[in-house]
There are 2 protein chains.
Amino acid sequence: MSTVIFTLRRHPEQDRPAIVLPLVRRTRDPFEGLWALPGGWLDAREGLDATASRTLAETTGLTPSYLEQLYAFGDVDRSPTRVVSIVYWALLRADEVDAQVAAHAADGDAPENVEWFAAAELPELAFDHNTIVDYALWRLRNKVGYSRIAHGLLPDEFTLADLREAYEAILGRRLDPANFRRQVEGSGTLIPTESFRTGSHRPARLYRYNQDVELADRGPLARLVQPAASAESR
Amino acid sequence: MSTVIFTLRRHPEQDRPAIVLPLVRRTRDPFEGLWALPGGWLDAREGLDATASRTLAETTGLTPSYLEQLYAFGDVDRSPTRVVSIVYWALLRADEVDAQVAAHAADGDAPENVEWFAAAELPELAFDHNTIVDYALWRLRNKVGYSRIAHGLLPDEFTLADLREAYEAILGRRLDPANFRRQVEGSGTLIPTESFRTGSHRPARLYRYNQDVELADRGPLARLVQPAASAESR
DNA sequence: ACAAAAGTGTTAGTCATACACCCATGT
DNA sequence: ACATGGGTGTATGACTAACACTTTTGT
């Protein structure tokens, strides 16, 4: 069981955010010393989703805003000892990650052997994890085109530019601000607030996500899959 | 490991084809007597795709024209003894199924405890298999909208009406023949032949699928997943 | 001749894209 | 004042859906 965890990070020198994900350095064979996806072993008394949530919390200390099964990998040659690995992928809100990282830095108890990498510039990973990340990114890119999933990367309140930059980071290309505004406003998923973000140039209106709308349509799986995210009802 | 196997069947009394799938009657607890998806156990020396192909062949005696992993189900309450089941779904060409069924009928060695059911009128199934079939149908419906997957249900040569009826069976609604023709002709996946199917009214041109085009874009998984269908290169 | 499916043409509506333009703010 | 991002307006082309129409066969 492994999880590809995505969030958005704004590099200090750059002005545009990028997709980043946490990796864990392996401390034993096989692939000792290489970076790998965080994961854990399936507990006999635990559902698959619950296991993914748990291992994710153990790595990042956070609850994902979105969690979905990616694929089950089980080729005989993917590891010296053939292992079937069920892989999930998740989105974390950028603000929660920042808060968590800051808290760790203050306490001096940053998790050992965990590091965040830009998804576009990954090193060689253990097992078939490079392929797995590629597939997760592909799924994310596809899904952003027909769902509201990008909101899973943003805080409660955000500007249209924030949202657009999230889309741009995922898709890897610039979007027309004017057209983007109309599309997203017409989708009925945004609730405008009366607040504005000031600081540079003309203030931008802050929006809030309409929690009545699911981030993604999971079809007949929706009633089966109940992530422990009852915290964010509405 | 289970597989949802779809094919198209034209009922004698009806003129339109419908989606059907084979089920196996359980001969032991749990759920003895109920119908269930065909499946088998994972072999230690076998990849997941290979296992799906094998169990599919054991049930139908056929090689699928399309095979894709559906989902890994592993809720603790899905079975008295909690089992993680990796489920695949597959498409079979209608003509191959007909030939196989006819051969069995002639030999009198029709497989025991296997029966084909219309996907729209399933009985109560064992485990969570009703949900699994619903999900497979949902995936099929979605996929038919952005891929050429419906060709996996058809023989080498087919008319546009055949193809349209396959789409209609999957989507559950009628399509405009004129618009359907233009869309599919413009997609570049069809090769017209010089043959026509006669028999009723004006003869219809037969087409052939362009094997250079994949039935569906599998993204970064494409190079990993190599179904043993090298028979149909070109 | 007529019914029915094969196949062509035409039109209206919707949507994505490009881009010109005005608005409001910090410097 | 002016640069810059916020926000509005508008034209164009692509694609979808609806449907009238012609063609070709079997009966």
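Proteins come first, then strands; the chains are lettered A, B, ... in the order of their sequence lines, and each starts at number 1.
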Atom pair distance, as rounded to whole Å: [atom1] in [X] and [atom2] in [N]:
{"X": "A:Arg174", "N": "C:dC19", "atom1": "CZ", "atom2": "C1'", "result": "16 Å"}
{"X": "A:Asp162", "N": "D:dG7", "atom1": "CG", "atom2": "P", "result": "11 Å"}
{"X": "A:Leu160", "N": "D:dT8", "atom1": "CG", "atom2": "C1'", "result": "13 Å"}
{"X": "A:Leu175", "N": "C:dA18", "atom1": "CG", "atom2": "C1'", "result": "13 Å"}
{"X": "B:Gln183", "N": "C:dG7", "atom1": "CD", "atom2": "P", "result": "17 Å"}
{"X": "A:Leu206", "N": "D:dG6", "atom1": "CG", "atom2": "P", "result": "12 Å"}
{"X": "A:Arg205", "N": "C:dA24", "atom1": "CZ", "atom2": "P", "result": "12 Å"}
{"X": "A:Phe180", "N": "D:dG7", "atom1": "CZ", "atom2": "P", "result": "13 Å"}

If you measure from CG on A:Leu221 to CG on B:Asp134, what distance do you get to the nearest 0.5 Å?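 Nearest 0.5 Å value for the CG-CG distance: 10.5 Å.
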
Does the plane of the ring in B:Trp138 sit parallel, tilted or perpendicular to the ring in B:Tyr135? Use 30° and 60° as the thresholds.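 Correct class here is parallel.
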
Kindly assign one of parallel, tilted or perpendicular to the pair B:Tyr209 and B:His151, based on the angle between their ring planes and the thresholds 30° and 60°.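 Geometry flag for B:His151 against B:Tyr209: tilted rings.
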
Any side-chain N or O of A:Arg164 below 4.0 angstrom from OP1/OP2 of D:dG6?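 Yes, such a contact exists.
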
side-chain N/O A:Thr198 vs C:dG26 OP1/OP2, d < 4.0 Å: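 Checking A:Thr198 against C:dG26: at least one side-chain N or O falls below 4.0 Å of OP1 or OP2.
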
Hey, are A:Glu68 and A:Lys143 close enough for a salt bridge, meaning a charged N less than 4.0 Å from a carboxylate O?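 Between A:Lys143 and A:Glu68 there is a salt bridge, with a charged N closer than 4.0 Å to a carboxylate O.
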
Side chain of B:Pro203, heavy atoms from C-beta onward: which of D:dT25, D:dA18, C:dG7 has the nearest atom to it?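 Looking only at side-chain atoms, B:Pro203 lies closest to D:dT25.
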
When you measure from the side chain of A:His201, which nucleotide among D:dC19, C:dT17, D:dG5 comes out closest?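 Of the candidates, D:dG5 comes closest.
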
So which one's nearest nucleotide on DNA chain D is more toward 5', A:Ser200 or A:Ala178?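 Closer to the 5' end of DNA chain D: A:Ser200.
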
Classify the nucleic acid contact of B:Ala161 as base, sugar-phosphate or nothing, counting any heavy atom under 4.0 Å across all strands shown.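 Sugar-phosphate only.
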
Look at all strands and tell whether B:Arg182 reaches a base, only sugar-phosphate, or nothing, counting heavy atoms closer than 4.0 Å.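 Contact class for B:Arg182: base.
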
When you compare the side chains of A:Arg139 and A:Asn142, does any donor N or O come within less than 3.5 Å of an acceptor on the partner?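 Absent: no donor and acceptor within the cut-off.
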
A:Arg173 or B:Asn179, whichever maps to the more 5' nucleotide of DNA chain C: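 Between the two, 5'-proximity favours B:Asn179.
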
Return yes if the base of C:dA16 and the side-chain atoms of A:Asp176 contain a donor-acceptor N/O pair under 3.5 Å, otherwise no.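 Result: no qualifying N/O pair found.
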
Can you find a donor-acceptor pair, distance only, under 3.5 Å between A:Arg202 side chain and C:dA24 base?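 No, no donor-acceptor pair under 3.5 Å.
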
